[in-house]
Amino acid sequence: MKKNDIFELEITDMGTDGEGIGHYDGMTFFVKDALIGDVITARATKLKKNYGYARVEEIKTPSTFRVEPQCELHKRCGGCQIQALSYEKQLEFKNNKVRNNLMRIGGFSEAKLDSKMQPPVGADNPYRYRNKAQFPVGYDRDGNIVTGFYASRSHNIIPVEDCRLGVPQNKEILDIIKEWMNECGITPYDENTHKGLVRHVLIRYGFTSKQIMVCLVINGDSLEAKRRAGNAADILCERLSKIDGMTSISYNINKENTNVILGKKTVCIWGRPYIEDTIHLLSYPDFTPQGTGITYQISPQSFYQVNPKQTEKLYSTALAFAGLTGNENVWDLYCGIGTISLFLSQKAKQVYGVEIVPQAIEDAKNNAKLNGITNAQFFVGKAEEVLPEFYENAKKKENITDDTASTGRTDMLRPDVIVVDPPRKGCDEKCLDTMLAMSPERIVYVSCDSATLARDLKILCEEKYELMKWQAFDQFSHTTHVETVVLLSHKKADSYIHIDVEFGEGEGKIPVDSIAKRAEAYKPKEKVTYKMIKEYIEAKYGFKVHTAYIAEVKRNLGLPMYDAPNAVEELKQPRKHPTPEKVEAIKDALRYFAVI
């Protein structure tokens with residue numbers, strides 16, 4: 001096999017990034033845009049010792065799971081890696097991705113996972129579900145201003161007029177902005193020269209409120225025009241404000257040479273600096289509306305789930321898994337703008353949220369006021385720093401800290417439930433240690449990366465917790481991403497025995513002096529070392545024995561011998577065995593020291 005060789009390949013599996021997997025001539029091949037069940041003509045593009053990469057030259061026999069994608073650019077764009085896969089098969093693929101990571105990384109058995117698995121939750125409509133889009137702005141080869149998405153693993157912009165995952169209003173907004181840039185002489189940002197003004201266009205849409213936000217990310221301090229009389233910002237606002245639902249127009253300043261999209265400062269130039277949207281509570285597991293919801297204020301920098309319809313199912317499941325009755329105290333770690341915290345507050349006694357972004361905490365507090373919620377309190381900082389520091393202070397003082405003493409409670413130290421929704425890197429080790437120390441009755445883990453989820457669950461379940469339920473959610477249809485909600489329950493004894501003991505003299509009582517005698521009899525024995533055994537044998541028999549001989553005799557007697565690693569290693573090497581005389585001497589020493 002050489003690079004560029006062409007061969008026939010049957011795709012029998014799919015990798016975690018949606019690539020097809022097939023086997024040919026003893027090698028495993030990974031093929032982009034190939035689906036499980038396809039029979040293809042493949043061209044080798046990269047070869048390693050036991051595996052390689054290939055591309056599709058021709059689909060000879062299409063998979064029965066292959067469908068016609070709605071977007072003709074899905075291959076070039078790379079954002080929808082599995083749009084050509086039937087939606088039912090997408091759900092199966094994502095569920096298996098979570099399941100395999102929990103087995104391979106988490107160490108859970110297949111039987112355990114299958115017994116605790118809830119069916120994967122799909123979307124009612126796998127298109128037009130995104131309430132947020134970030135479009136880079138640049139030039140095409142002919143010098144025309146284009147907006148779209150970066151091609152996979154590059155910063156080359158693929159012009160996209162109407163992404164099928166986003167709302168239809170995006171196209172109208174982008175057309176207005178491109179026309180405005182051309183008329184006013186406003187240039188796109190160039191990553192190579194670091195010149196040009198407009199870097200990205202951020203659009204948010206409220207699925208319930210129908211409100212629209214537009215934020216231009218710029219490489220400058222204001223929206224200045226090189227041509228045309230009049231204020232460029234005013235011209236843009238005049239045109240965008242005519243769109244139904246337009247609520248907020250702003251620009252964000254990012255002059256750094258970085259891949260981070262948003263800078264620290266945002267200036268609102270029309271309308272409000274935020275839009276509002278509502279997440280409704282649904283019943284679990286049928287997800288029927290319950291008639292209540294939480295309204296959130298969303299700024300350009302707010303973290304807010306991009307699929308609101310699936311988010312209602314996700315958060316309603318997290319709330320159901322938490323098992324709240326109105327008497328519980330809950331910590332919500334990595335709380336963002338309070339999306340989960342405020343959901344939990346509807347059925348909790350008190351909720352405490354932690355988030356590193358100060359603006360997000362301000363948004364969370366404002367959202368609590370907006371909804372008339374008084375049983376949610378928020379703290380700024382890293383969860384892995386705030387929680388341990390609070391725990392240690394509370395443990396010492398039992399009055400918590402000055403900031404929280406006004407609550408008059410120490411229940412923050414001993415919560416009933418902890419909910420975590422960390423970024424892709426998962427929970428920090430220090431945060432996990434503190435969760436274990438706090439020992440809540442239940443932990444609800446909401447994850448956007450099943451690999452780090454599995455890693456963290458392994459730590460929690462090796463210590464104090466048991467996996468009770470897990471469920472996969474398709475938050476990002478046609479992509480390989482998957483969200484998961486997991487319920488862990490604290491391990492406890494199955495039963496308790498209560499014994500009354502009366503000390504003293506007389507019938508049915510235990511004499512106090514006998515306690516001392518029994519304590520002496522059951523006092524832990526001194527640890528018997530290999531050195532002590534060797535010294536005993538040399539003193540009594542006049543010859544020496546090797547530690548490997550002692551280890552062999554102990555192993556043959558079924559005794560542990562792992563306290564002498566070197567001896568164990570020597571057992572693995574070819575060598576002579578102890579003579580019968582030395583075996584008897586070693587057994588005698590073991591009897592003398594009461595090992596046998």
**Student:** Measure across Pro273 and Pro300 and return the closest heavy-atom pair with its distance rounded to 0.1 Å.
**Tutor:** O-CD, 3.8 Å

**Student:** How about Tyr592: does its OH atom have over 12 heavy atoms from other parts shown lying under 6.0 Å from it?
**Tutor:** no

**Student:** With rounding to the nearest 0.5 Å, note down the distance linking CD in Gln305 to CG in Asp421.
**Tutor:** 6.5 Å

**Student:** So, do Val485 and Trp470 sit near enough that their side-chain heavy atoms are less than 4.5 Å apart?
**Tutor:** no

**Student:** Any donor-acceptor pair under 3.5 Å linking the side chain of Thr529 with the backbone of Met532?
**Tutor:** yes

**Student:** With side chain to side chain contact (heavy atoms under 4.5 Å, CB included) as the test, would you mind laying out the steps for Val330 and Val419 before giving the verdict?
**Tutor:** CA-CA 7 Å; Val330 184; Val419 177; 4.1 Å; yes

**Student:** Minimum heavy-atom separation for Met468 and Ser489, please, with both atom names.
**Tutor:** CG-CB, 3.4 Å

**Student:** Which of these, Glu312, Gln290, Lys309, sits in a side-chain hydrogen bond (donor to acceptor under 3.5 Å, both in side chains) with His280?
**Tutor:** Glu312

**Student:** Is a side-chain N or O of Asn366 found less than 3.5 angstrom from the main chain of Glu362, in a donor-acceptor match?
**Tutor:** yes

**Student:** Under 3.5 Å, is there a donor-acceptor pair between the Thr295 and Thr278 side chains?
**Tutor:** yes

**Student:** Can you tell me if Gln475 and His481 form a side-chain donor-acceptor pair at under 3.5 Å?
**Tutor:** no

**Student:** Once side-chain contact (heavy atoms from CB on, under 4.5 Å) is applied, do any residues pair with Arg104, and if so which ones, sequence neighbours excluded?
**Tutor:** Asn101

**Student:** For Tyr284 and Gln471, does a side-chain donor sit closer than 3.5 Å to a side-chain acceptor?
**Tutor:** yes

**Student:** Rounded to the nearest 0.5 Å, how far does CD of Gln359 lie from CZ of Phe303?
**Tutor:** 16.0 Å

**Student:** Is there a side-chain contact between Leu282 and Thr288, using heavy atoms and a 4.5 Å cut-off?
**Tutor:** no

**Student:** How long is the straight-line distance from OG1 of Thr317 back to CD of Gln310, given to the nearest 0.5 Å?
**Tutor:** 9.5 Å

**Student:** Would you please say whether a donor-acceptor pair under 3.5 Å links the side chains of Asp474 and Tyr87?
**Tutor:** yes

**Student:** Once rounded to the nearest 0.5 Å, what's the spacing between atom CZ of Arg591 and atom CD1 of Ile596?
**Tutor:** 5.0 Å

**Student:** Does the side chain of Lys89 reach to within under 4.5 Å of the side chain of Ile36, using non-hydrogen atoms?
**Tutor:** yes

**Student:** Would you name the heavy atoms of Gly381 and Val386 that are closest together and state the gap between them?
**Tutor:** CA-CG2, 3.6 Å

**Student:** Determine which pairs satisfy salt bridge (Lys or Arg N to Asp or Glu O under 4.0 Å) with at least one residue from residues 432-461, sequence neighbours left out, and list them in order.
**Tutor:** Glu441-Lys492

**Student:** Salt bridge or not between Arg99 and Glu110? Use side-chain N to carboxylate O under 4.0 Å.
**Tutor:** yes

**Student:** Side chain to side chain contact (heavy atoms under 4.5 Å, CB included) for Asp277 and Tyr296? Distances and angles first, verdict last.
**Tutor:** CA-CA 5 Å; Asp277 203 21; Tyr296 302 91; 5.9 Å; no

**Student:** Name the residue from Ile459, Leu333, Leu488 that meets the side chain to side chain contact (heavy atoms under 4.5 Å, CB included) definition with Met435.
**Tutor:** Leu333

**Student:** Does the distance from a Lys or Arg side-chain N to an Asp or Glu carboxylate O, for Lys313 and Asp124, drop under 4.0 Å?
**Tutor:** yes

**Student:** If you take the centroid of each ring, where Trp contributes its six-membered ring, are Tyr129 and Phe207 closer together than 6.0 Å?
**Tutor:** no

**Student:** Hydrogens and angles aside, do Ser439 and Lys464 bring a side-chain donor and acceptor to less than 3.5 Å of each other?
**Tutor:** yes

**Student:** Do any N or O atoms from the side chain of Arg424 and from the backbone of Cys448 form a donor-acceptor pair under 3.5 angstrom?
**Tutor:** yes

**Student:** Side-chain contact test, heavy atoms from C-beta onward, threshold under 4.5 Å: evaluate it for Lys116 versus Lys469 and give yes or no.
**Tutor:** no

**Student:** Could you tell me whether the side chain of Leu344 reaches within less than 4.5 Å of the side chain of Leu324, counting heavy atoms only?
**Tutor:** yes

**Student:** What closest approach, in Å, do Ile21 and Gly15 show between heavy atoms, and which atom pair accounts for it?
**Tutor:** CD1-N, 3.5 Å

**Student:** Using atom types as modelled and distance alone, determine if a side-chain donor or acceptor of Asn375 lies under 3.5 Å from a backbone N or O of Val351.
**Tutor:** no

**Student:** Hey, could you give me the CG/CG distance between Asn327 and Asp416, rounded to the nearest 0.5 Å?
**Tutor:** 8.5 Å

**Student:** Report yes if some heavy atom in the side chain of Asn307 is under 4.5 Å from a heavy atom in the side chain of Asn131; otherwise report no.
**Tutor:** no

**Student:** Evaluate the criterion side chain to side chain contact (heavy atoms under 4.5 Å, CB included) for residue pair Tyr274 and Ser302; output intermediate values, then yes/no.
**Tutor:** CA-CA 9 Å; Tyr274 58 85; Ser302 296; over 6 Å; no

**Student:** Provide the closest heavy-atom pair for Ala472 versus Val482 in the form atom of the first, atom of the second, distance.
**Tutor:** CB-CG2, 4.0 Å

**Student:** Determine whether a donor-acceptor pair (N or O, by modelled atom type, separation under 3.5 Å) exists between the side chain of Asp332 and the backbone of Gly353.
**Tutor:** no

**Student:** In the structure I gave you, are the side-chain heavy atoms of Ile82 and Phe93 within less than 4.5 Å of one another anywhere?
**Tutor:** yes

**Student:** Find the distance between CG (Leu487) and CD1 (Ile443) and round it off to the nearest 0.5 Å.
**Tutor:** 9.5 Å

**Student:** Can you name the nearest heavy-atom pair linking His577 to Tyr549, along with the distance?
**Tutor:** C-CE2, 4.1 Å

**Student:** Are the charged groups of Lys540 and Asp588 less than 4.0 angstrom apart, N to O?
**Tutor:** yes

**Student:** Cut-off 3.5 Å, side chains only: do Asp17 and Thr480 have a donor facing an acceptor?
**Tutor:** no

**Student:** Between Arg555 and Glu552, does any NZ, NE, NH1 or NH2 come within less than 4.0 Å of an OD or OE carboxylate oxygen?
**Tutor:** no

**Student:** Without swapping roles, check the side chain of Glu538 against the backbone of Tyr536 for a donor-acceptor pair under 3.5 Å.
**Tutor:** no

**Student:** Can you tell me if NZ on Lys112 sees more than 12 non-hydrogen neighbours from other groups inside 6.0 Å?
**Tutor:** yes

**Student:** Lys347 vs Thr325, test: side chain to side chain contact (heavy atoms under 4.5 Å, CB included). Steps then yes/no.
**Tutor:** CA-CA 6 Å; Lys347 294 191 176 182; Thr325 63; over 6 Å; no

**Student:** Would you mind reporting whether His478 and Gln90 have side-chain heavy atoms less than 4.5 Å apart?
**Tutor:** yes

